[in-house]
Each structure stands twice: as structure tokens, then as C-alpha cells.
Amino acid sequence: LFFFKHKTAYELLRSLVGSEMCIRDSLTSVQSAPADYILGPGDELRINFSGSLKASRKVKIDREGNIFLRELGTLNFSGLTYQKTQEELNRIVEASLIGTKASISLIKVRPIQIFVVGQSMKPGSYNLNALSSISTALFESGGPNDSGSLRNISLKRSNELIGKLDLYELFIKGNSTANIKIQSGDVLLINPIEKQVEIFGEVNTEAIFELKEGENFKDLIVFASGFKPLADKSKIVLTRQAKDNEIFVKEMSFAELKEFPLQSGDSIFVESTNNLIPVIGGVAREAIYEFKNDETTDDLINFAGGRTSN
């Protein structure tokens, strides 16, 4: 039960990285082939010769993994990485074409078919290019539905778990390690959400966040981009609906709440230190000071280092 309407997981993701179209464009566009990309049938290459021989050849890797160049004959590059292919081509050219150098570029990537299942907006089969990663497939399929997790997305290959992607790691922390390349026949499984907690008030990103097992309020604050300057860390209100439908409300400090076990549906409000008063002119340390209910003007002056003689 959430008592206030804030952004959900997918809405949060869109707010973090821009519009949905910008997300897709950033994840599906390919500027150049990475060095570890493995070539295969269907990839199209451009071979440029320079030096004694000046020529440019456009070739396609056939079903047997071969290409044909009139200058060099039949070559097999299937199964080699992009970097190894360049190295192998250099070796062959140096041995066969004196005074000639060659460079290779990937001009068209072979298509692959993958499957998106589980809590997806649009489950089904998708034709992508072989440079695609888990995130590419995820956003091509519309992302998780309202019940789908952004933090527990499984990649399966031949019925074996290959990896898991946590989009919070990717978009909030900038860790792309788990955003691995997909292969033809892979299955992307979007698992259900397990725990959601709402946080609002004096935090930089008000939203409903998804928490994993073992994560607590300290993790939640990281996802919310930290406290705002006026946050009162001694007054944080937890609201929870009990099993008998009674509403449980407890005010805690940050120190108390950071180890407090959170439950799905919890709502957390971070209060503001509204009683802030600027003390300027005629005091030793001009600044903004917190004014508590049991304090006086003289207390504020003392906080500011006392009156100056001027």
C-alpha cells in the first residue's frame, strides 16, 4: 500500500535517462564493432587495401564462414573476434601482397532471433542485430510491465542461466558489467517484482523503488540520490499497513531506520528542518542556523559566536 502517488520503476528509469525513445536510441545504435565481437555468417565487411594495391571490397560471410577476395582467394573468418580477424588479415596480406596494407570494417551486422518472456510489456520473439545486449532486447520489447522487475532480469541460453541484469546498477550506479551480449536463441526472462518501497519528502528523487533481499534504508537513500540540504535526519516517518489493515506509523532517526527491516509497501517520508533562520550582521559567524522550539534569540546569537563590537 502506497499512500502517495510517485513514479514507479519504469517511470523512474525514463526520468533518469530521458524519454523512452532516447533510451532505445542509446541502447540500439552501434557506432563501431567492439574488439571482442565474434564474426559469423551474415556479417558484411569492407576490406580496404592501400599501398601498392589500392582497392576496396565489400564482402559477406557465407554459411560456411567464408569470404572471397579476388586478391587473396577464400578466407575463413567465422568464429574469430573482430580484432583477431584484423590481425589474421594483416598476416595474410603481408605474406601475399608485398607493399600492401589492409584494414577491415564491419558495415552490416548479422541478424539474430531472441525471445522475451515473463513480466514483459510485449513478450515474444524479436529480431535484433548480433551486437545487441540484454538492455537492447529489454527496451525493444517495451520493458517490464507493472509487475515486472527492473532488478532481476535473467538471460538463459540452452536452458542454462548465463547472467542477470540489474538496471539500477546500470542506470543509477553506471555499472554495465552485467549488460552482456546476447546470442541467437537466447531467452530473456523478466522476473516479478518482490519488494517495493516508497520514499518522498526531503530526498533528491522521490519515487517507488525496488529493493533486493538484504537491502535496507541506506540502499534506498542511494537510489533516491541522497538527502536534500534541508532534510531532518532525526525525523523520518515510516508508514506501513499491518496484516489486520491497521496503519502503523513510526517516527525514527536515520541511525534507527538504516538497520530497520523494510517491507514491501512501506512508505517513508523525510521531514524538513523548516526552522532555519539566517543570522547576519553584528555576529562573529554569519550563517543559517536551526531554531528549535525551546531556544531563544540569545541562543541563536551564541551559536553564531556572539555579538561583535561593531
Side-chain angles (χ1 to χ4, degrees), residues 17-19 21-115 125-141 155 157-158 160 162-163 165 169-171 173-186 188:
V17 295
S19 68
M21 188 59 69
C22 289
I23 295 173
R24 293 185 182 181
D25 288 346
S26 67
L27 293 173
T28 58
S29 61
V30 177
Q31 302 300 323
S32 61
D36 61 352
Y37 173 70
I38 298 176
L39 295 173
D43 285 331
E44 292 188 18
L45 308 172
R46 183 174 298 281
I47 313 292
N48 292 315
F49 297 98
S50 61
S52 300
L53 171 65
K54 293 180 173 57
S56 180
R57 303 284 183 251
K58 179 180 175 182
V59 293
K60 183 176 182 178
I61 301 178
D62 64 22
R63 293 182 179 180
E64 286 71 42
N66 298 324
I67 65 169
F68 178 78
L69 293 168
R70 68 183 69 173
E71 295 84 1
L72 299 171
T74 300
L75 306 175
N76 189 296
F77 290 149
S78 184
L80 296 181
T81 64
Y82 187 68
Q83 181 175 335
K84 287 292 184 182
T85 300
Q86 179 68 67
E87 293 172 358
E88 179 67 9
L89 181 63
N90 288 341
R91 185 188 66 79
I92 295 171
V93 168
E94 286 178 6
S96 305
L97 302 172
I98 305 302
T100 300
K101 294 185 178 297
S103 62
I104 186 172
S105 58
L106 182 65
I107 58 176
K108 188 174 181 180
V109 182
R110 67 184 183 273
I112 60 172
Q113 184 182 53
I114 60 97
F115 302 89
S125 63
Y126 287 86
N127 293 316
L128 304 174
N129 71 52
L131 283 172
S132 300
S133 61
I134 296 177
S135 58
T136 315
L138 179 64
F139 288 106
E140 281 298 310
S141 61
L155 180 67
R157 184 173 298 154
S158 301
E160 292 186 7
I162 300 299
L165 178 64
E169 286 289 325
L170 180 60
F171 286 107
K173 298 183 179 180
N175 180 6
S176 61
T177 305
N179 190 27
I180 59 179
K181 294 289 186 295
I182 54 179
Q183 296 181 13
S184 193
D186 283 355
L188 190 67

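It should be emphasised that the depicted structure is a prediction, and the values quoted were computed from it without experimental measurement.
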Trainee: Tell me if the NZ atom of K181 is crowded by more than 12 foreign heavy atoms within 6.0 Å.
Mentor: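 Count over threshold, so yes.
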
Trainee: Can you name the residues that form a side chain to side chain donor-acceptor pair (under 3.5 Å) with K108, not counting sequence neighbours?
Mentor: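 K108: no side chain to side chain donor-acceptor pair (under 3.5 Å) contacts found.
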
Trainee: What pair of heavy atoms forms the shortest contact from L131 to N129, and how long is it?
Mentor: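 Looking at all heavy atoms of both residues, the shortest contact is N-OD1, 2.8 Å.
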
Trainee: Would you check if D186 and I134 make a side-chain contact, meaning some heavy-atom pair closer than 4.5 Å?
Mentor: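 Result no, sub-4.5 Å side-chain heavy-atom pair not found.
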
Trainee: What I'd like to find out is whether the side chain of L69 reaches to under 4.5 Å of the side chain of F49, using heavy atoms alone.
Mentor: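 In short, these two side chains touch, coming nearer than 4.5 Å.
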
Trainee: Looking only at non-hydrogen atoms, find the nearest pair between L128 and E140 and report the distance.
Mentor: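 That would be CD2-CG, 3.7 Å.
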
Trainee: Identify the two heavy atoms, one from V93 and one from T100, that lie closest to each other, and give their separation to 0.1 Å.
Mentor: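 Looks like CG1-O, 3.2 Å.
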
Trainee: Kindly give the heavy-atom pair with the smallest separation between A102 and N90, and that separation in Å.
Mentor: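 Taking every non-hydrogen atom into account, O-OD1, 3.2 Å.
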
Trainee: Within this structure, what is the NZ-CG distance for the pair K101 and L53, rounded to the nearest 0.5 Å?
Mentor: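 Atom-to-atom, K101:NZ and L53:CG are 13.5 Å apart.
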
Trainee: Can you list everything that forms a side chain to side chain donor-acceptor pair (under 3.5 Å) with Q183? Sequence neighbours excluded, please.
Mentor: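 Q183: no side chain to side chain donor-acceptor pair (under 3.5 Å) contacts found.
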
Trainee: Grab the two heavy atoms, one from G185 and one from F115, that are nearest each other, plus how far apart they are.
Mentor: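 Scanning both residues completely, I find the closest heavy atoms to be O-CD1, 4.4 Å.
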
Trainee: Quick one, V109 with D43, criterion side chain to side chain contact (heavy atoms under 4.5 Å, CB included). Give me CA distance, side-chain angles, the key distance, then yes/no.
Mentor: CA-CA 5 Å; V109 182; D43 285 331; 4.0 Å; yes

Trainee: With a 4.0 Å cut-off, would you call E87 and K84 a salt bridge?
Mentor: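 Looking at K84 together with E87, the answer is yes, because their closest N to O distance falls below 4.0 Å.
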
